[in-house]
Amino acid sequence: NGLTAGDLVVMQLASTTLGRLVQKEGTLTADCVEFEVKRSLEWLESGRYDSSRRQAAVLILREMARNAPTLFYFHVNVFFDVIWTALRDKLLPIRESAVESLSAALRLVEQREHRL
């Protein structure tokens, strides 16, 4: 179940749009971020989903870490546990997106550590 270049472009645009939407604060935003992060982590954790879902998961997690850092931070420990699955994926686009997600999460952790 491979990803086409067109699939990847659409997923990139959709995840970027989602990231912009969650920049607004509010109850609805918190619920959306919570739902998307949990679902994405599940898609990576279980290992039973196809490549499209794994790709979507790492892109969504990247955008949540970048655009909703406070809400994403609550899930950072689980994120660090499950991102390794995507970093070892057989498909290069998933591995590359996983690296971007990991980078965003590490940047978030670094920023929070400097504030303490």
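What you see below is based on every heavy atom in this structure, not just the backbone, and it leaves out hydrogens, waters and symmetry mates.
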**Asked** More than 12 foreign heavy atoms under 6.0 Å from CZ of F74: is that the case here?
**Response** no
**Message:** For R95, give me all partners under salt bridge (charged side-chain N to carboxylate O under 4.0 Å, His left out), at least two apart in sequence or on another chain.
**Reply:** none
**Pairing residues for R20 by the side-chain contact (heavy atoms from CB on, under 4.5 Å) criterion, not counting sequence neighbours** = T16
**Request:** Could you pull out all residues at least two apart from E34 that satisfy salt bridge (charged side-chain N to carboxylate O under 4.0 Å, His left out)?
**Result:** K38
**Request:** Output every pair passing salt bridge (Lys or Arg N to Asp or Glu O under 4.0 Å) with a member in residues 66-77, not counting sequence neighbours, ordered by first then second residue.
**Result:** E63-R66
**Hphob cluster co-occupancy, I83 + V33, side-chain heavy atoms under 4.5 angstrom** = yes
**Request:** Using salt bridge (charged side-chain N to carboxylate O under 4.0 Å, His left out) as the criterion, list what pairs up with E96, not counting sequence neighbours.
**Result:** none
**Prompt:** Is it the case that S97 and Q55 place a side-chain donor and acceptor less than 3.5 Å from each other?
**Reply:** yes
**Prompt:** Given the rule that I, L, V, M, F, W and Y join up when any side-chain heavy atoms are under 4.5 Å apart, are L106 and L87 in one cluster?
**Reply:** yes
**Pair listing, side chain to side chain donor-acceptor pair (under 3.5 Å) test, anchored in residues 100-109, at least two apart** = R62-E100, S103-R107
**Message:** Quick test of your reading of the model: are E42 and R39 salt-bridged, counting only N-O distances below 4.0 Å?
**Reply:** no
**Asked** Do L18 and L59 belong to the same hydrophobic cluster, where Ile, Leu, Val, Met, Phe, Trp and Tyr are linked whenever their side-chain heavy atoms lie under 4.5 Å apart, directly or via other members?
**Response** no
